[in-house]
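What follows is a short report on a single structure.
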2 protein chains.
Amino acid sequence: MKPVQHDMPAPLLQVEEDFIALWRGMSSLWGISPTMAEIHGLLFITGAALSMDDIMARLRISRGNVSMNLSKLVEWGLVKRVHKRGDRREYYESLTDVWEMFTLVAAQRKRREIDPIVTTLRQCRERLSPESLGAEASRPEAEAQRRRVQDLLSFLTLVDSLAQRFFESQRGLRTAVDLLAQEKE
Amino acid sequence: MKPVQHDMPAPLLQVEEDFIALWRGMSSLWGISPTMAEIHGLLFITGAALSMDDIMARLRISRGNVSMNLSKLVEWGLVKRVHKRGDRREYYESLTDVWEMFTLVAAQRKRREIDPIVTTLRQCRERLSPESLGAEASRPEAEAQRRRVQDLLSFLTLVDSLAQRFFESQRGLRTAVDLLAQEKE
DNA sequence: GATAACTTTCAGGTCTTCCTGAAGAGGATG
DNA sequence: CATCCTCTTCAGGAAGACCTGAAAGTTATC
């Protein structure tokens, strides 16, 4: 992989390489494409605003590939477009605040996983209710199935609300800390 | 999909179908194969111990496919082998306790995602330390990169330990509740 | 208005994952 | 010991995800 900056110490470049490879390795577990993960990894670990040419050169991938995957990262809010005056090229940079970043990841995960599951489970529960099933609702199999659906639903809504409270509370805490830091200046 | 029990009310079968389809849909987000998700979904929602033939028939997939994916589910601990006396076939059933199930899922996620990331980030941090870099360590780029790595590391170790405490506390809580319930009987 | 610079979209190719159907392995039965 | 039952493993094919390289689109410059 061709480095962007030739004067960068080798260890820093190696760390970048390792991080990008790590992120790419996680892509299949995160339900995203390898390239999407690589681009994000590159932008996060360098902390720089890079153009599409920069990303192409560094990751050795085609312009089309960069374009499609960058668009997704921007859509997720993990990457922002940055304009440099006098330069027609778009530059892209990652969020640097880890909390903000993972808040977005959690929101995306909720959108893609939790919400569809909860929606379908509620529909299933509805279909298994006495109102829907009538007398059959008291059959042991129906009761057992309803309980399984309900257990799963309860668990997921609990985890979901805890996660939301977690991110909300961290945000509040960090805002307070930031304000205190500013007052001391 | 051919039902296992012909006398089951249609709504129950429909709920099973919907749940299995939901689980399959989540497979790419969970980094598992569609079949692995389907089998787990089938075993969980039916609550029954099914043989490989049962699973093959219900999901309309090959024996080899069932075998490979069932093995993985057993390895994860999400599915258990059940022996029925006088029957040579192996039967498989899902964990029914949602907490236990997700504790295992969390453990698997830790093993596949968190641990490798933390390991690599620690190595990166080590490589960026003054002990490794010498005078170059005080370069602004090196300090910035070290901070990014450290921020990510801090965040992930916090989330990891909170998740572990969460599952541990729930386990303790539920054990206490179960004991109380038994004493009342 | 033509040209250039830059990004997006597309059609087709590549590669990886996943599955099938058959062979192989192991163990029970007669 | 042969046969059968059941599960595992394998080689190859299928399907889908992903990528490329080029065409198309957009906008700025001259």
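Order of the sequence lines fixes the chain letters, A, B, ..., with proteins taken first and strands second; residue numbering starts at 1 for each chain. On a predicted model such as this, the values are computed, not experimentally measured, just so you know.
Inspection of the A/Ser154 and A/Asp151 side chains reveals no N or O donor paired with an N or O acceptor under 3.5 Å. Using modelled atom types and a 3.5 Å distance limit, the side chains of B/Arg111 and B/Gln108 yield a donor-acceptor pair.
Look at CD1 on B/Ile55: it is 11 Å from P on D/dT8, rounded to the nearest Å. The distance from atom CZ of A/Arg60 to atom P of D/dC18 is 23 Å, rounded to the nearest whole Å. Rounded to whole angstrom, the span from the CE atom of B/Met36 across to the C1' atom of C/dT17 amounts to 15 Å. Straight-line distance from the CD atom of B/Glu90 to the P atom of C/dA28: 12 Å, rounded to whole Å. Distance CE (A/Met56) to P (D/dC19): 14 Å, rounded to an integer number of Å. Rounded to an integer number of Å, the gap from B/Met68 CE to C/dC18 C1' is 8 Å. Rounded to whole angstrom, the span from the OH atom of B/Tyr91 across to the P atom of D/dT6 amounts to 9 Å. Going from atom CG of A/Asn65 over to atom P of D/dA17 covers 15 Å, rounded to whole Å.
Within 3.5 Å, a donor on the side chain of B/Arg88 pairs with an acceptor on the base of D/dC5, or the reverse. No N or O donor and acceptor, one from the side chain of B/Arg63 and one from the base of D/dT6, sit under 3.5 Å apart.
If you check C/dC18, C/dT8, D/dT8 against the side chain of B/Ser33, the one that comes closest is C/dC18. Taking only side-chain atoms of A/Thr35, from C-beta outward, the nucleotide of C/dT7, D/dC19, D/dT8 with the closest atom is D/dC19.
Heavy-atom nearest nucleotides on DNA chain C were determined for A/Gly64 and for A/Asp87, and the one closer to the 5' end corresponds to A/Asp87.
Side chain of A/Arg127 to backbone of A/Ser132: no donor-acceptor contact under 3.5 angstrom is found.
Across B/Met26 and A/Arg112, no two heavy atoms sit closer than the pair CE-O, 3.4 Å.
The pair B/Arg58-B/Glu17 meets the salt-bridge criterion, since a charged nitrogen lies less than 4.0 angstrom from a carboxylate oxygen.
Distances shorter than 4.0 Å separate some side-chain N or O of B/Asn69 from OP1 or OP2 on C/dC19.
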